[in-house]
Protein chains: 2
Amino acid sequence: MPHNHAHDHSLSLFPTDDHDHSDCTSNLMSYAEQFCEKKGLRLTKLRRDILKEIAASHKAIGAYQLLDSLAANGKKLAPISVYRSLDFLQEAGLIHRLESTNSYFACQRNFEDDERACTNEPLLFLICDDCGTIGEVDGTAIESLIGDVTSKAQFAVERSQLEIRGMCLSCQQSETPGASHE
Amino acid sequence: MPHNHAHDHSLSLFPTDDHDHSDCTSNLMSYAEQFCEKKGLRLTKLRRDILKEIAASHKAIGAYQLLDSLAANGKKLAPISVYRSLDFLQEAGLIHRLESTNSYFACQRNFEDDERACTNEPLLFLICDDCGTIGEVDGTAIESLIGDVTSKAQFAVERSQLEIRGMCLSCQQSETPGASHE
DNA sequence: CTGCTATATGGTATATTGTAACATTATGAA
DNA sequence: TTCATAATGTTACAATATACCATATAGCAG
């Protein structure tokens with residue numbers, strides 16, 4: 001097997017600097033095609049273009065940044081068009097919205113098993129304040145704890161999203177050592 | 001002891017419809033005075049007025065709503081003045097900002113023990129989509145689980161806020177019964 | 001294919017949320 | 001008092017998001 005295993009499951013915790021991102025993009029795009037086909041949703045050219053733009057990194061991008069990127073590619077759009085596609089993609093579970101920064105990023109769940117995507121499990125994001133990279137983590141462990149709390153309060157949960165801000169490993173390593181005790 | 005115990009700790013899970021809210025307001029206001037005094041922070045008239053307005057309920061209020069309320073009370077302000085006070089109050093831990101709705105509400109921690117307030121524990125909010133009431137819950141149980149996840153990812157947490165949306169007990173009860181199987 | 005209907009997109013204007021930059025006023029310490 | 005710092009005022013504007021109505025496109029019934 002000449003194929004390099006080093007990157008397998010590299011996204012299960014946090015996207016590493018050296019992962020093969022073209023895999024992420026193509027996985028998501030092909031999953032999006034299948035998923036929309038299966039669900040009778042229309043992955044139109046506009047929606048596909050916007051999804052591809054978002055999937056180009058593991059950072060979150062704002063709606064107006066997207067507008068600019070697409071304009072650079074020759075697509076002159078009104079904000080509302082972008083927002084409508086963002087709504088569609090978000091409802092399909094293909095992207096997420098970071099509420100702390102009003103920006104959008106590609107879903108990172110493992111799409112090899114179709115059924116694992118787009119469920120209502122609680123969302124759990126690790127957001128690096130330094131480089132902007134986002135890691136999407138399995139939230140099922142948190143789910144039961146949330147259930148404890150909410151059932152005591154007799155609160156009927158609809159949706160939960162946990163945005164954890166901090167610094168990723170690679171940004172921690174590139175901080176000037178010794179700067180801490182200046 | 002002629003005092004009515006029924007409301008004691010009534011906010012430990014979720015604010016009930018019948019709790020004595022004047023207690024909440026006065027507790028928070030007097031705590032704010034003490035806390036700012038102790039920390040050398042200036043709880044100015046503007047900041048106090050804004051805090052009181054926010055503390056008037058357990059719902060979140062937007063910055064421009066606040067502007068209107070204060071204008072109705074004769075205070076004509078620029079948005080920036082409100083935002084500056086909101087920043088101050090938030091840094092002091094006296095209010096929180098709901099990131100999912102860009103709005104602000106009063107901190108509900110138990111202020112009888114000064115030291116418990118304004119720590120860096122993870123924030124955990126239950127937000128009723130129906131009536132807008134918010135419950136602030138102890139997040140320390142979640143904290144350790146978050147620690148498990150983030151340490152595996154070698155991610156250095158700075159801040160986390162969990163916004164759980166759904167329906168509170170009292171709104172569940174006032175839903176039309178039988179509507180579920182229509 | 002034609003025409004119908006529902007969905008998607010375009011175009012224009014505007015609402016909502018939040019900040020920049022600089023002037024003025026209030027507070028607290030020397 | 002005088003100075004330095006913090007707080008607020010004033011004006012303008014940036015960034016994010018939606019309302020509203022017109023047009024275009026896809027899928028379907030006939």
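Here is the naming used below: chain letters follow the sequence lines, and residue numbers restart at 1 for every chain. FYI, side chains are in, hydrogens and waters are out, and symmetry mates aren't considered; it's all heavy atoms of this structure.
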Exercise for the section: Carefully, step by step, assess B:E99 and A:R165 under the rule salt bridge (charged side-chain N to carboxylate O under 4.0 Å, His left out). Expected result: CA-CA 13 Å; B:E99 297 184 329; A:R165 312 202 67 99; over 6 Å; no
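- A straight line from CD1 of A:I61 to C1' of D:dT16 spans 14 Å, rounded to a whole angstrom.
- Judged by distance alone, with hydrogens and angles left aside, A:Y64 brings a side-chain donor or acceptor within reach of the base of D:dA17, the pair sitting under 3.5 Å.
- Between C:dT17, D:dT11, C:dA8, one nucleotide has an atom nearer to the side chain of B:A78 than all others, and that is D:dT11.
- If you take CG of A:L46 and P of C:dA8, they are 11 Å apart, rounded to a whole angstrom.
- Looking at the side chain of B:S81, the nearest of the listed nucleotides C:dT12, D:dT8, C:dA20 is D:dT8.
- Proximity note for B:N102 (side chain, C-beta onward) versus C:dA8, C:dG18, D:dA17: the nearest is C:dG18.
- Straight-line distance from the CD1 atom of A:I80 to the C1' atom of D:dA19: 8 Å, rounded to whole Å.
- Between A:Y104 and D:dA17 there is a side-chain polar atom (N or O) within less than 4.0 angstrom of OP1 or OP2.
- Atom CZ in B:R84 sits about 7 Å away from atom C1' in D:dG9, given to the nearest Å.
- Ion pairing between B:K45 and B:D49 holds under the 4.0 Å rule for side-chain N and carboxylate O.
- Taking every side-chain heavy atom of A:R47 into account, C:dA8 is the closest of C:dT17, D:dA17, C:dA8.
- If you take CG of A:L86 and P of D:dT18, they are 10 Å apart, rounded to a whole angstrom.
- For the pair A:K39 NZ and C:dT7 P, the computed distance is 18 Å after rounding to whole Å.
- Comparing C:dG18, C:dG10, C:dA8 by their nearest atom to the side chain of A:L77 picks out C:dG10.
- Take the nearest nucleotide of DNA chain C for B:Q65 and for A:K76: the residue whose nucleotide is more 5' is A:K76.
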